Amino acid sequence: MKRIAIITSGGDAPGMNAAIRAIVFSCHDQQIECLGFYHGYNGLINDEFTFLIPALVSPIIQRGGTILKSARCKEMHQDEGVKQAANTLNKHKVDALIVIGGDGSFRGMMALQGYWLGNLIGVPATIDNDIACTDKTIGFTSAVNTATQAIDKIRDTANAFERVFIVEVMGRRSGHIAFNVGLAAGAEAILSFENCNLNSLEQAKSHLIAQIQSQLLEQHTGFVIVLAENLWPKGPHGLQQALRDTANIESAVCVLGYIQRGGSPCPEDRILATELGIEAVSAAKHNTGIMVGKVNGQISRHCIIRATEQNKPVDRALHSAYHHISKLNH
């Protein structure tokens, strides 16, 4: 093992820089050259790279985003794009590629397996926490902290005006952020894929209206609804319209959006990224087609196919806690 390359791909997540730093330090310790390709798979296709050394990455552990930049790459959906990425890795005599990213990034990695003989290692970094075979992905805890702090501020206004707020959080098609943030912020209602679907939205709306009317009448406080993105038709504004048309309930909408992906990573994400970065270099010397993760406090390695194909449900304990608190509120 003489040369390892790194890319950060897909949506950025707090802690990606900490993972890059750990990989570079580990490579340096083992006398392995480390290359960083810019803009995800685009950098492989376009041959945009830099040599990474400890002095360059030493001060980046606290920085959000990624010094290697990130991007989606349409070309990786075509054989020609995948072949070009493989050619670049061969040109630079890269022995292993470490991909820091989420589901889409790992699927690009699996496509690359068909055209490149080097070792491929995945490091799970996405705020959505929707990758199996690891309890948490890099960036998830920071995103939950950011969203919770934002809703704490929204709560002050909601209570001051005895108003309903609909707060949309990210998560793609997973409710990990919604449930964790909803519980942490004391939301009166959490609407996510795990407790709602297209067939039960009317029922969910009826229950929500009854809950809002009861609480506003009896407690004279605000009412915060945490809504998972991509769940409700037309998003939070669709839910806002439904509440107005059905029960004449006025509400305010706040879409937290990209603030959840930015900012300095929390200590937990910095530590997780460091652990997984070190493990990725160790795994790269002997394995290919795997993802490193942390399960029940133990660093582990898993087949990348299993990590992407398995559904990762929200912890049942969170469901139970929410239903219990919801009943008490009602």
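For the single chain, residues carry numbers from 1 onward in sequence order. Since the structure is predicted, the reported quantities are computational estimates derived from the model, not experimental observations.
Remark: the backbone N or O of Leu183 is not paired with any side-chain donor or acceptor of Tyr322 at under 3.5 angstrom. Remark: the backbone N or O of Val144 is paired with a side-chain donor or acceptor of Thr148 at under 3.5 angstrom. Not one N or O on the side chain of Asn230 forms a donor-acceptor pair closer than 3.5 Å with the backbone of Arg173. Side-chain atoms of Asn119 come within 3.5 Å of backbone atoms of Ala284 as a donor-acceptor pair (strictly under, hydrogens ignored). Checking side-chain atoms of Asn195 against main-chain N and O of Ser192 turns up a donor-acceptor pair under 3.5 Å. A side-chain donor-acceptor contact under 3.5 Å links Gln211 to the backbone of Glu188. Formation of a donor-acceptor pair under 3.5 Å by the Ser70 side chain with backbone atoms of His39 is not found in this model. Although no hydrogens or angles enter the test, the distance criterion places a donor-acceptor pair under 3.5 Å between the side chain of Arg3 and the main chain of His92. For His324 (side chain) and His319 (main-chain N/O), no donor-acceptor pair under 3.5 Å exists by modelled atom type. Remark: side-chain polar atoms of Asn46 are not paired, donor with acceptor, to backbone N or O of Glu48 under 3.5 angstrom.
Ring pair Phe140/His176 is perpendicular by interplanar angle, where above 60° counts as perpendicular and below 30° as parallel.
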Task: Asp152 vs Arg155, side chain to side chain contact (heavy atoms under 4.5 Å, CB included): CA-CA, chis, key distance, verdict - done: CA-CA 5 Å; Asp152 286 347; Arg155 168 73 68 183; 5.5 Å; no

- [ ] Apply the test side chain to side chain contact (heavy atoms under 4.5 Å, CB included) to residues Val82 and Trp116: give CA-CA distance (whole Å), side-chain angles for both, the deciding distance (0.1 Å), then the verdict.
- [x] CA-CA 9 Å; Val82 180; Trp116 187 59; over 6 Å; no

- [ ] Test Thr246 against Ile209 for side chain to side chain contact (heavy atoms under 4.5 Å, CB included), laying out the working first.
- [x] CA-CA 9 Å; Thr246 306; Ile209 288 170; 3.6 Å; yes

- [ ] Show the numbers, then the answer: is there a side chain to side chain contact (heavy atoms under 4.5 Å, CB included) between Phe37 and Leu68?
- [x] CA-CA 7 Å; Phe37 284 86; Leu68 292 178; over 6 Å; no

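Across Glu168 and Pro236, no two heavy atoms sit closer than the pair OE2-CD, 3.0 Å. For the pair Gln260 and Ile127, the tightest heavy-atom approach, listed with the atom from each and the gap, is O-CG2, 3.9 Å. Closest non-hydrogen pair, Ile138 versus Pro14, comes out as CG2-O, 3.5 Å. Between Gly64 and Asn17, the shortest heavy-atom distance links the atoms O-ND2, 3.1 Å. Of all heavy-atom pairs spanning Asp130 and Ser174, the tightest one is CB-CB, 4.0 Å. Contact detail for Arg306 and Ala132: the closest heavy-atom pair is O-CB, 4.1 Å.
Side chain to side chain, Lys2 and Gln31 fail the donor-acceptor criterion of an N or O pair below 3.5 Å. With 3.5 Å as the limit, one finds a donor-acceptor pair spanning the side chains of Gln30 and Ser26. Side-chain N/O atoms of Arg270 and Ser264 include a donor and acceptor closer than 3.5 Å.
Ion pairing between a basic and an acidic side chain is recognised when a charged N comes within 4.0 Å of a carboxylate O; Lys294 and Glu275 show such pairing. The pair Arg172-Glu229 fails the salt-bridge criterion, with no side-chain N (NZ, NE, NH1 or NH2) lying under 4.0 Å from an Asp/Glu carboxylate O. Between Lys136 and Glu268 there is a salt bridge, with a side-chain nitrogen of the basic residue lying less than 4.0 Å from a carboxylate oxygen of the acidic one.
The closest side-chain heavy-atom distance from Val281 to Ile4 is below 4.5 Å. Residues Pro124 and Met291 meet the side-chain proximity criterion, which asks for heavy atoms closer than 4.5 Å. Looking at heavy atoms from C-beta onward, Leu44 lies in side-chain contact with Leu89 at the 4.5 angstrom threshold. The closest side-chain heavy-atom distance from Glu162 to Thr221 is not below 4.5 Å.
Here the straight-line distance linking atom CG of Leu120 with atom CZ of Phe106 works out to 11.0 Å at 0.5 Å rounding. Here Arg261 contributes atom CZ and Leu256 contributes atom CG; the two are 13.5 Å apart, rounded to the nearest 0.5 Å. Here the OG1 atom belonging to Thr134 is positioned 6.0 Å from the CG atom belonging to Leu276, to the nearest 0.5 angstrom. Going from atom CD1 of Ile212 over to atom CD1 of Ile249 covers 4.5 Å, rounded to the nearest 0.5 Å. The OG1 atom of Thr308 lies 9.0 Å from the CE atom of Met109; values are rounded to the nearest 0.5 Å. Note that CZ of Arg107 and CD1 of Ile304 are 9.5 Å apart. Values are rounded to the nearest 0.5 Å.
Environment of CD1 in Ile259: crowded, with over 12 heavy atoms of neighbouring residues, nucleotides or ligands closer than 6.0 Å. Counting non-hydrogen atoms of neighbouring residues, nucleotides and ligands closer than 6.0 angstrom, the NZ atom of Lys93 reaches no more than 12 such neighbours. Heavy-atom contacts from other residues, nucleotides or ligands closer than 6.0 Å to CD of Glu250 number more than 12. Counting non-hydrogen atoms of neighbouring residues, nucleotides and ligands closer than 6.0 angstrom, the CD atom of Glu202 reaches no more than 12 such neighbours. Sparse packing is recorded around NZ of Lys69, with 12 or fewer heavy atoms of other residues, nucleotides or ligands lying under 6.0 Å away.
In this structure, Ile278 is not a member of the same hydrophobic cluster as Ile98, with clusters built from ILVMFWY side-chain heavy atoms closer than 4.5 Å. The same ILVMFWY cluster, assembled from side-chain heavy atoms under 4.5 Å apart, contains both Val123 and Ile67. Criterion: ILVMFWY side-chain heavy atoms under 4.5 Å apart, direct or through other members. Under it, Leu239 and Val253 are part of a common hydrophobic cluster. Using a 4.5 Å cut-off between side-chain heavy atoms of Ile, Leu, Val, Met, Phe, Trp and Tyr, with links allowed through other members, Val169 and Ile166 fall into different hydrophobic clusters. Ile61 and Val24 end up in different hydrophobic clusters when Ile, Leu, Val, Met, Phe, Trp and Tyr side chains are linked at under 4.5 Å.
Test Leu112, Ile121, Thr8, Ile7 against Val99 for side chain to side chain contact (heavy atoms under 4.5 Å, CB included) and you get one pass: Ile7.
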